[in-house]
Amino acid sequence: MASTNYWLMKSEPSTFSIDDLAQSRDQRTCWDGVRNYQARNYMRTMALGDQILFYHSNADPPAVVGIAEVVRTAYPDSTQFDKKDKHYDPTSKPSDPRWDMVDIKYVRAFPKPLTLEDMRKDPQLKGMVLLKKGSRLSVQPVTPAEWQHILRLAKKN
DNA sequence: GCCAACGTTGGC
DNA sequence: GCCAACGTTGGC
């Protein structure tokens with residue numbers, strides 16, 4: 001068994017916030033709607049128990065707001081075949097689904113969000129994918145060092 | 001295979 | 001609401 005991996009996943013709180021996750025049935029949800037190959041590929045490498053930083057994008061302020069974990073590994077995203085869904089993909093075939101999703105479960109919310117601004121100011125987080133110029137990836141890897149540092153900051157916050 | 005046009009993301 | 005950065009599409 002490989003060691004735990006760490007990730008960051010973005011969500012717009014006006015669409016789905018960490019509170020929405022906490023109030024979901026069994027505090028779980030499927031992470032549908034990802035339509036970016038790199039993000040999809042990262043999801044495909046996720047293992048049960050992998051830990052996730054839950055990030056609010058397009059928020060005021062943008063911030064990491066808590067933690068979730070992977071409770072089901074990648075499987076086909078049903079919304080790609082749903083004509084009525086915003087994420088419907090007419091070019092994806094049920095015999096060869098293009099888009100996957102994972103299920104995640106609420107672990108906890110930080111007492112106070114760790115803002116993007118806070119993270120930018122921290123030299124130890126300089127290498128984070130999130131902070132790279134023009135980075136728009138909605139699913140991205142986090143190193144163990146970054147993960148631990150962020151948890152420390154969140155506690156101190 | 002190039003690249004212009006277009007759509008989207010997401011901070012500000 | 002603006003717009004820079006990025007990914008994708010499609011004509012050539």
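Just so we're on the same page: letters track the sequence lines, and every chain starts at 1.
Position along DNA chain C of the nearest nucleotide to Arg35(A) versus Lys133(A) favours Lys133(A) as the more 5'-ward residue. Comparing Asn58(A) and Ser135(A) along DNA chain C, the residue whose closest nucleotide (by nearest heavy atom) sits nearer the 5' end is Asn58(A).
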For this session: Applying side chain to side chain donor-acceptor pair (under 3.5 Å), run through Asp82(A) and Thr79(A) and close with a yes or a no.
Result: CA-CA 5 Å; Asp82(A) 180 357; Thr79(A) 64; over 6 Å; no
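The ring-ring contact (aromatic ring centres under 6.0 Å, His included) contacts involving residues 28-74 of chain A comprise Trp7(A)-Tyr42(A), Trp31(A)-Phe54(A), Tyr37(A)-Trp99(A), Phe54(A)-His56(A), where partners must be two or more places apart or lie in separate chains.
Remark: the Asp19(A) side chain and the Ser17(A) side chain contain no N/O donor-acceptor pair separated by less than 3.5 Å.
For DNA chain C, the outermost nucleotides in 5' to 3' order that have an atom under 4.0 Å from a heavy atom of chain A are dA5(C) to dT8(C).
With Glu69(A) contributing its side chain and Lys105(A) its backbone, the two residues share no donor-acceptor pair below 3.5 Å.
Every residue two or more places apart in sequence or in another chain was checked for a salt bridge (Lys or Arg N to Asp or Glu O under 4.0 Å) with Arg120(A), and none qualifies.
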